[in-house]
Colleague: 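For reference, the structure I am asking about is given below.
We use all heavy atoms of the structure for the numbers below, so side chains are in, but hydrogens, waters and symmetry mates are not. Below, read A as the first sequence line, B as the second, and so on, with proteins coming before strands; counting in each chain starts at 1.
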Protein chains: 2
Amino acid sequence: MSAPTASGPALRLGIAGLGTVGIGVVKIVQRHAEMLSARTGRPVEITAVSARDRSKNRDADLSNYAWETDPVALATRADVDVFVELMGGHEGAAREATIAALKAGKDVVTANKALLAHHGQELAELAESLGRTIRFEAAVAGGIPVIKTLTEGLAGNQMRRVMGVMNGTCNYILTRMEDAGLPYDIVFEEANQLGYLEADPNLDVGGIDAGHKLSILAAIAFGTKVAFDDVVLEGIGKISIDDIRRAGDMGYKIKLLGVAQMTGRGLEQRMTPCLVPASSPLGQLTGGTNMVVLEGDSVGQIVLRGAGAGEGPTASAVMGDVTDIARGLRLPTFGQPAASLKQAQSAVAAAPAPYYLRLQLLDKPGALAKVAAVLGDAGISISRMRQYGHADTSAPVLIVTHKTMRDAIDTAISNFPRTGVVEGEPVAIRIEEL
Amino acid sequence: MSAPTASGPALRLGIAGLGTVGIGVVKIVQRHAEMLSARTGRPVEITAVSARDRSKNRDADLSNYAWETDPVALATRADVDVFVELMGGHEGAAREATIAALKAGKDVVTANKALLAHHGQELAELAESLGRTIRFEAAVAGGIPVIKTLTEGLAGNQMRRVMGVMNGTCNYILTRMEDAGLPYDIVFEEANQLGYLEADPNLDVGGIDAGHKLSILAAIAFGTKVAFDDVVLEGIGKISIDDIRRAGDMGYKIKLLGVAQMTGRGLEQRMTPCLVPASSPLGQLTGGTNMVVLEGDSVGQIVLRGAGAGEGPTASAVMGDVTDIARGLRLPTFGQPAASLKQAQSAVAAAPAPYYLRLQLLDKPGALAKVAAVLGDAGISISRMRQYGHADTSAPVLIVTHKTMRDAIDTAISNFPRTGVVEGEPVAIRIEEL
């Protein structure tokens with residue numbers, strides 16, 4: 001047979017945003033020109049780039065590319081086939097340029113989770129009405145090809161549940177608190193010094209960034225419109241080193257875990273601290289690594305693990321999308337036509353689960369019995385309980401309940417004060433069963 | 001926008017082989033007709049099936065499908081678009097029917113690792129010359145979409161190393177040996193009774209089945225022709241419970257691990273018992289679950305974990321391929337044109353590694369020094385050593401070496417007898433660094 005040739009016309013990229021990820025993409029295109037054309041059957045080239053500051057010193061040679069100061073101008077250039085949006089932000093330039101690119105007949109590759117979480121439906125409908133595609137592997141879990149796995153590899157499955165640790169900074173903070181025995185505030189400040197936090201740290205530690213990612217995965221998994229506003233968000237700011245230690249004593253780790261599942265009452269989406277078994281893949285995840293767990297009716301449980309951020313991993317995800325487009329692979333944005341996505345009924349706390357409870361109990365006769373009675377009255381049964389020696393007049397008590405509803409837990413918590421034996425604020429954290 | 005419709009023509013499947021996987025595919029197509037057409041934009045149907053024994057009682061209603069006794073007849077039916085080959089075996093009917101299907105203009109989906117390991121190049125060239133595609137997600141690591149991840153998701157990466165525990169039976173046997181403290185022969189017999197072993201058990205415990213899978217992954221990862229004959233195969237039959245325990249003492253687990261990497265001397269492919277750190281994802285893998293580790297120059301390390309066999313997971317992988325074809329996704333079999341795949345230089349033991357050595361040392365003065373001298377003469381330096389108390393006249397000694405070449409280990413082993421202090425056969429197992 002004949003020798004390989006890159007016989008197709010070049011695929012021409014216009015890259016908007018030359019931060020870490022943008023430069024990472026430039027490097028891959030430059031370093032692997034031959035490999036990319038062997039794999040896609042055509043040259044993959046960059047024709048133009050755009051960023052706020054042209055004079056900034058960047059770690060790549062950009063002299064062969066046209067420079068645009070306006071990303072909309074870049075997005076609509078005649079010599080650009082694919083608009084690669086790496087600017088970030090869900091309003092303003094990123095959204096405007098993406099719309100302009102689609103209207104000018106370009107395909108779009110983006111790493112912008114906020115854009116998709118807020119405007120995914122509108123953008124998908126626009127792209128599909130114009131016969132264009134929007135790809136966004138880099139928007140969720142960095143280098144892990146989770147969008148492709150969910151949309152294509154597991155397309156024969158009705159998905160049951162999607163879970164993930166998808167904010168490396170939060171997982172770094174929780175791991176570091178545990179390893180160093182340091183409180184949240186100190187480790188938060190450390191992470192800040194190390195440059196691990198977004199300019200608005202609440203995007204990380206408040207769970208917003210990870211919530212964006214979860215809402216995108218949920219749309220694909222369940223064939224529903226992205227509903228970021230329905231994600232129950234709870235950050236890691238209230239996690240104490242005490243809870244990390246106590247949970248460890250009971251065989252659990254605390255993670256900022258995203259969970260999306262279709263329940264009898266509707267679609268439940270949560271991005272909240274959860275306990276997971278210490279011996280599970282999620283429990284063993286340390287530092288900034290991401291993990292996504294996909295559960296389907298046929299495949300069972302698939303676990304994907306990899307770097308959730310950084311130049312190389314995120315650029316790898318962008319290039320996965322670029323090579324797909326170069327090869328002519330085209331899919332609806334969320335795996336089925338945007339017009340066919342359903343508006344999900346939002347369900348809050350619809351799935352039952354065991355809970356971890358930490359109470360500070362006064363040293364009075366019958367104290368434990370009183371607490372058990374409150375739980376029993378709320379319909380909660382106790383699976384395991386551990387009482388610690390008391391230094392003073394009170395002692396911590398840990399309780400792992402059997403499966404129950406969040407409502408019942410809240411009822412019990414509101415009734416604890418009446419017992420006269422519970423001191424301070426009880427802590428209740430959901431245990432996600434894996 | 002308009003309501004969703006499955007507007008395309010139906011994709012019609014002909015399924016040859018109605019064992020566990022075939023029936024699993026039938027069930028998914030029947031159960032999820034609506035979901036599949038929403039996701040692919042067209043109905044996915046079965047028109048005809050084929051198996052050896054028509055009278056066999058099967059767990060699915062096949063009454064609506066045409067029956068063919070001859071798989072070639074099935075493969076060439078006018079009302080079949082995709083030939084789904086789930087018969088197995090690399091000679092005879094599976095190969096013949098696959099070729100017939102391609103020549104009749106059908107795409108092929110197969111779960112047949114042996115067929116691809118032995119005839120992948122020939123079949124890929126044939127498919128590509130005819131403008132057809134062969135998909136085989138189910139051939140490697142069951143439900144884990146590793147072929148798609150490697151071929152598409154990581155297409156922007158030069159791959160550095162591909163590793164995997166890809167035979168669930170072997171991992172079950174090794175895990176069970178450790179947990180129950182039972183020797184290999186007993187656990188092998190248990191596995192046999194449980195029906196976990198192939199009719200020819202050497203396919204499992206000899207590493208052949210997993211070697212087939214590794215050779216397929218290597219071809220995609222490195223752009224080389226499948227070279228199964230170059231895979232260094234070593235089964236798990238010689239692993240003793242003693243080594244499992246001793247390795248555990250040193251912080252390792254023993255796995256039948258496949259490793260493919262491009263070295264300065266050529267492509268190294270090994271499917272052999274290895275030690276891996278007990279705390280690594282591979283080390284923590286127990287029972288029949290599979291895991292694949294993909295290392296790329298940009299993405300770093302991606303770890304995929306899931307069920308490696310069984311009706312649901314394998315059928316899920318088949319359906320991933322079917323939905324790809326229904327959506328019009330078409331790629332060269334090994335990710336780039338078959339004619340462009342290079343014949344890899346085969347390298348054996350080309351990558352250096354630390355090794356685990358277990359020696360039985362006679363209780364003589366200076367015995368350890370003599371062993372250390374033999375290692376030093378072979379250019380091997382010792383990282384850690386552990387000597388156990390001796391019950392009789394000899395005692396086990398464990399040595400973890402620094403990185404060295406297999407040649408050097410073999411030289412040392414051949415020189416140990418001359419010391420007069422080493423009893424019996426030393427054990428040397430490679431430690432794969434993760």
Side-chain angles (χ1 to χ4, degrees), chain A residues 1-4 24 28 31-32 35-36 38-41 125 128-129 137 143-145 148-149 152-158 223 279 281 284 296-307 310-313 315-320 322-324 327-331 335-340, chain B residues 1-4 24 28 31-32 35-36 38-41 125 128-129 137 143-145 148-149 152-158 223 279 281 284 296-307 310-313 315-320 322-324 327-331 335-340:
Chain A
M1 290 182 70
S2 62
I28 294 178
R31 188 168 68 231
H32 289 317
M35 184 188 84
L36 293 169
R39 289 181 178 170
T40 64
E125 288 184 9
E128 289 160 33
S129 72
E137 188 61 81
I144 305 174
K148 180 170 278 286
T149 300
E152 302 171 37
L154 304 184
N157 288 264
Q158 184 161 47
S279 62
Q284 290 162 353
D297 63 343
S298 289
V299 80
Q301 195 180 72
I302 294 285
V303 180
L304 312 175
R305 181 184 190 276
E311 176 182 309
S316 165
V318 170
M319 289 306 299
V322 167
T323 50
D324 272 1
R327 284 163 160 170
L329 312 191
R330 275 162 196 290
L331 286 180
Q336 63 185 70
S340 75
Chain B
M1 291 182 67
S2 61
I28 293 178
R31 188 168 66 229
H32 289 317
M35 183 188 84
L36 293 170
R39 289 182 178 169
T40 65
E125 289 184 9
E128 288 160 33
S129 72
E137 188 61 82
I144 304 174
K148 179 171 279 287
T149 300
E152 302 171 38
L154 304 183
N157 288 263
Q158 184 161 46
S279 62
Q284 290 162 352
D297 63 344
S298 290
V299 80
Q301 195 179 73
I302 295 285
V303 180
L304 312 174
R305 181 183 189 275
E311 176 182 309
S316 165
V318 169
M319 289 307 298
V322 166
T323 51
D324 271 1
R327 285 162 159 170
L329 311 192
R330 272 162 199 289
L331 287 181
Q336 63 184 69
S340 74

Colleague: What part of B/E137 lies closer than 4.5 angstrom to a heavy atom of chain A: side chain, backbone, both or neither?
Modeller: neither

Colleague: Examine whether an atom of A/A155 lies under 4.5 Å from a heavy atom of chain B, and if so say whether it belongs to the side chain, the backbone or both; otherwise answer neither.
Modeller: both

Colleague: Shorter than 4.5 Å, heavy atoms on both sides: which option in B/Q301, B/R39, B/Q336 has the most such pairs with chain A?
Modeller: B/R39

Colleague: Under a 4.5 Å heavy-atom cut-off, does chain A meet the side chain of B/D324, its backbone, both or neither?
Modeller: side chain

Colleague: Taking every heavy-atom pair that is under 4.5 Å apart, which of A/V299, A/T149, A/L36 has the most such pairs with chain B?
Modeller: A/V299

Colleague: Between B/G320, B/S316, B/A307, which residue shows the highest count of heavy-atom pairs closer than 4.5 Å to chain A?
Modeller: B/S316

Colleague: Quick check on B/L154 against chain A: is it the side chain, the backbone, both or neither that has a heavy atom closer than 4.5 Å?
Modeller: both

Colleague: Under a 4.5 Å heavy-atom cutoff, which of B/L304, B/T323, B/N157, B/L331 has the most pairs with chain A?
Modeller: B/N157

Colleague: Shorter than 4.5 Å, heavy atoms on both sides: which option in B/V318, B/I144, B/D297, B/T40 has the most such pairs with chain A?
Modeller: B/D297

Colleague: Checking B/R31 against chain A: side chain, backbone, both or neither under 4.5 Å from a heavy atom?
Modeller: side chain

Colleague: Of the listed residues (A/G143, A/G306, A/A315, A/G24), which shares the most heavy-atom pairs with chain B below a 4.5 Å separation?
Modeller: A/G143

Colleague: Using 0.5 Å steps for rounding, measure from the CD atom of A/E311 to the OG atom of B/S298.
Modeller: 8.0 Å

Colleague: Heavy atoms only: give me the nearest B/G335-A/R327 pair and the separation to one decimal.
Modeller: O-NH2, 2.9 Å

Colleague: Closest approach of B/P145 and A/I302, non-hydrogen atoms and distance?
Modeller: CD-CD1, 4.3 Å

Colleague: May I ask you to name which of A/M35, A/E152, A/M319, A/R330 has the most heavy-atom pairs under 4.5 Å with chain B?
Modeller: A/E152

Colleague: Which bit of B/L329 comes within less than 4.5 Å of chain A, counting heavy atoms only: side chain, backbone, both or neither?
Modeller: both

